[in-house]
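Everything quoted here is computed from the prediction, not taken from an experiment. Indexing begins at 1, ligand by ligand and atom by atom, following the structure's order.
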Amino acid sequence: MMKRIAILGSTGSIGKQTLEVIANHPEDFAVEVLTAKSNFKLLIEQASRFHPKFVVISDLAHLDTLQKALSGQPITVLGGQDALNEVVTEKNVDMVLAAMVGFSGLIPVIHAIKAGKQIALANKETLVVAGELITRLAHENKVDLLPVDSEHSAIFQCLMGEQHAEVEKVYITASGGPFRKFDISALQAVTRHEALKHPTWSMGAKITIDSATLMNKGLEVIEARWLFNLKPEQIDVIVHPQSIVHSLVQFCDGSIKAQLGLPDMRLPILYAMSYPKRLNGLFPRFNFTDYPHLTFEAPDSNRFPNLAIALEAMRKGGNMPCIMNAANEVAVEAFLTDRVGFYGITQIIEKTLRQATFLPAAGLSEYIESDREARSIALSFVK
Ligand code: NDP
Ligand code: MG
């Protein structure tokens, strides 16, 4: 049966790769909704090619242009953040692929879950901010949260046919990013251009910086905790620079299952969309002799303190991960605009975590308020 997909963030790295996957499987998937923040040019191209029923641009400044450009086509064009919350609930939408970046994905995903839509989740910040709430809502509404993040797709695949109680440990692999071998003084001097050159993955700017600081791995540990209902101490991070082993699960008898493949996001995207089936992947296959050495090492939290900060926020729980996420979003944006250095990111997060109001338990309105408060505190530390 044809699945009709709403792509939140279709103009981004994951969004564009999702459209490639859909183009390769026209009998299995159709595009129902496309959305972007401000890249109206690409959105017009995508809409003209994939014929969605709805197109949404969050930044209202471009709504008029978009409406005019698509006026000859049977497409409803909407603008503003609230329109996202409406389109995800449209009756023809079977699955929402959440590929917006940061906190912005949270509320549309909640609307989609409440409308009973299947969720293919790339937007990990949604689970970092509100993992308890999101997983509870998904359970109540009988909605699958299907991971798109490659590590979580790997874990999800390793868990197929297994019993939850028999899982002992999950190992999340990390490439180590472009600065894996840099010492502290070299790290102090890195530029955003160097940080944006990821050795194995090509991704949007925010996650690429998160990968360079290892914050991405911290976010992924929290994401795994909620997706797979794990205790914090059941999750370990291991650096694997070749990005071939995407993650591993160890069971109570000591057996370990891993999922391998070339670093290509189209594979986890396809699996999340086709689940529980597998469809033919039209991308290059892994060749063992091209990779005679697959190596593994421990992450270094002295040089990359953001990973340890994230793990500590997870252990504290409540709104701590939400505060940390907001501070990180502000700090990464400041790094990307040359207003702070590499370790400036860490300092902003640490100071924000100390000042923001800690709530041991939180619901949606508290998360929204914590995000707002943390952003404003974090911004006060940016030059
Ligand atoms: P990009 O920055 O490449 O794309 C983000 C998309 O979301 C764009 O379409 C952008 O629109 C839109 N967007 C951004 N902010 C808003 C907003 N406030 N309101 C509405 N739309 C918005 O990001 P990626 O594709 O790299 O990442 C998307 C998510 O997937 C992130 O959460 C990331 O952590 C996760 N992820 C990404 C991976 C990757 O390989 N890229 C791997 C695993 C997870 P516009 O183009 O107009 O700015
Ligand atoms: Mg990942």
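- Listed by number with element, the atoms of ligand 1 under 4.0 Å from a non-hydrogen atom of Ser58 are 19 (N), 20 (C), 21 (N).
- If you check which protein heavy atom lies closest to atom 34 (O) of ligand 1, you get Lys124 CE, 3.3 Å.
- Not a single heavy atom of Gln17 sits less than 4.0 Å from an atom of ligand 1.
- Between the CG atom in Asp149 and the CD1 atom in Ile14 there is a gap of 8.0 Å [rounded to 0.5 Å].
- The nearest heavy-atom contact from the protein to atom 4 (O) of ligand 1 is Gly12 CA, 3.1 Å.
- Close contacts between ligand 1 and Ala122 involve ligand atoms 30 (O), 32 (O), 35 (C), 36 (N), 44 (C) [criterion: under 4.0 Å to a heavy atom].
- From the protein, the heavy atom lying nearest to atom 13 (N) of ligand 1 is Lys37 CB, 3.7 Å.
- The closest side-chain donor-acceptor pair between Ser153 and Gln157 falls under 3.5 angstrom.
- Closest to atom 3 (O) of ligand 1, if we only count protein heavy atoms, is Ser13 N, 2.9 Å.
- The aromatic rings of Phe182 and Phe179 are tilted relative to each other, their planes meeting at an angle between 30° and 60°.
- Remark: the Asn39 side chain and the Thr11 side chain contain no N/O donor-acceptor pair separated by less than 3.5 Å.
- Counting heavy atoms under 4.0 Å from ligand 1, residue Ser38 touches it through both backbone and side chain.
- Of the protein's non-hydrogen atoms, the one nearest atom 6 (C) of ligand 1 is Ala99 O, 3.5 Å.
- Nearest to atom 25 (O) of ligand 1 among the protein's heavy atoms is Ile14 N, 2.9 Å.
- In this pair, His246 and Trp201 present their aromatic rings tilted. The plane angle is within the 30 to 60° band.
- Within the 4.0 Å heavy-atom criterion, both parts of Met203, backbone and side chain, lie near ligand 1.
- The protein heavy-atom contact nearest to atom 32 (O) of ligand 1 is Glu125 OE1, 2.7 Å.
- Closest to atom 29 (C) of ligand 1 among all protein heavy atoms lies Met100 O, 3.3 Å.
- Within Glu151, OE1 is the N, O or S atom that lies nearest to the Mg ion (ligand 2).
- For the Mg ion (ligand 2), the nearest N, O or S atom contributed by Glu220 is named OE2.
- Contact annotation: for Ile207 versus ligand 1, heavy atoms closer than 4.0 Å belong to the side chain alone.
- Residue-ligand proximity, Asn39 to ligand 1, at heavy-atom distances under 4.0 Å covers atoms 46 (O), 47 (O).
- Between Phe228 and His152, the angle of the ring planes stays under 30°, which puts this pair in the parallel group of the 30/60° scheme.
- If you look at Ser104 next to ligand 1, the close heavy atoms, those under 4.0 Å, all belong to the side chain.
- Nearest residue to atom 43 (C) of ligand 1 from Asp264, Asp149, Val148, Val128 is Asp149 (criterion: closest heavy atom).
- The N, O or S atom of Asp149 lying closest to the Mg ion (ligand 2) is OD1.
- In this structure, CG on Leu359 lies 9.0 Å from OH on Tyr367, to the nearest 0.5 angstrom.
- Residue contacts with ligand 1 for Lys206 are absent, since no atom lies close enough (heavy atoms, distance under 4.0 Å).
- With rounding to the nearest 0.5 angstrom, the CD1 atom of Ile155 is 7.5 Å from the CG atom of Leu230.
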